[in-house]
Amino acid sequence: ALAVERYLAICCPLKAKVVVTKRRVKAIVGVLWAFAFLSASPFFFLVGVEQPDNHTDFSRECKPTPQALESGLLATMFWVTTCYFVLPVICLSVLYGFIGRELWRSNTRLRGPGSVLREKGHRQTVKILGES
């Protein structure tokens, strides 16, 4: 959501003024958190805490339940969580690529008395994008 907001702010600034509001941002963040919680909730039923067989050791381990192993749900949840990592990384890469391309193109159009300040602002924006 943050990458999309940055993309809109840099590549479509006039549209971003209309589309990005505090209310919409709060709603989107709330929906994303609810979706994340609901999609991760099956893990509560797929794993359990077990104590080792020797009762002298007080350590406990988090292990998958036998039902999770037999049903194949654990493997499915593994792939779901993998997609939850890979898809955002792809989205971030594509959006930041578009942002970088837009800044690169606009850098060639910088001419006039305020061009030095605009160029400095562009460099700062690229640094911020590289740090996140």
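A single hydrophobic cluster is seen to contain both Y96 and V86, as judged by linkage of ILVMFWY side chains at heavy-atom distances under 4.5 Å, directly or through other members. Residues V20 and L92 are members of one and the same hydrophobic cluster, defined by side-chain heavy-atom contacts under 4.5 angstrom among Ile, Leu, Val, Met, Phe, Trp and Tyr. In this structure, V19 is not a member of the same hydrophobic cluster as L32, with clusters built from ILVMFWY side-chain heavy atoms closer than 4.5 Å. The cluster map of Ile, Leu, Val, Met, Phe, Trp and Tyr, joined by side-chain heavy atoms under 4.5 Å apart, puts L74 and F78 in different clusters. In the hydrophobic clustering of ILVMFWY residues, with side-chain heavy atoms under 4.5 Å counting as a link, W33 and V80 come out apart.
Counting only heavy atoms from C-beta outward, the side chains of L46 and M77 approach each other to under 4.5 Å. Proximity of T81 to F43: side-chain heavy atoms (C-beta onward) are separated by under 4.5 Å at one or more points. Side-chain atoms of V25 and E5, non-hydrogen and from C-beta on, never get closer than 4.5 Å to each other.
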Passes side-chain contact (heavy atoms from CB on, under 4.5 Å), R6 versus I99? Steps please. CA-CA 8 Å; R6 285 180 176 175; I99 292 170; 4.1 Å; yes
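Note that the SG atom of C83 and the CD1 atom of I90 stand 9.0 Å from one another [nearest 0.5 Å]. In this structure, CD on E70 lies 8.5 Å from OG1 on T65, to the nearest 0.5 angstrom. Here CG of L2 is found 10.5 Å from CG of L95. Values are rounded to the nearest 0.5 Å. Rounded to the nearest 0.5 Å, atoms CH2 (W79) and OG1 (T82) are 6.0 Å apart. For the atom pair NZ (K26) and OG1 (T21), the distance works out to 10.0 Å, reported to the nearest 0.5 Å.
When all heavy atoms of C11 and F98 are compared, the closest pair comes out as SG-O, 4.1 Å.
Within a 6.0 Å sphere centred on CZ of F45, other residues, nucleotides and ligands contribute 12 heavy atoms or fewer.
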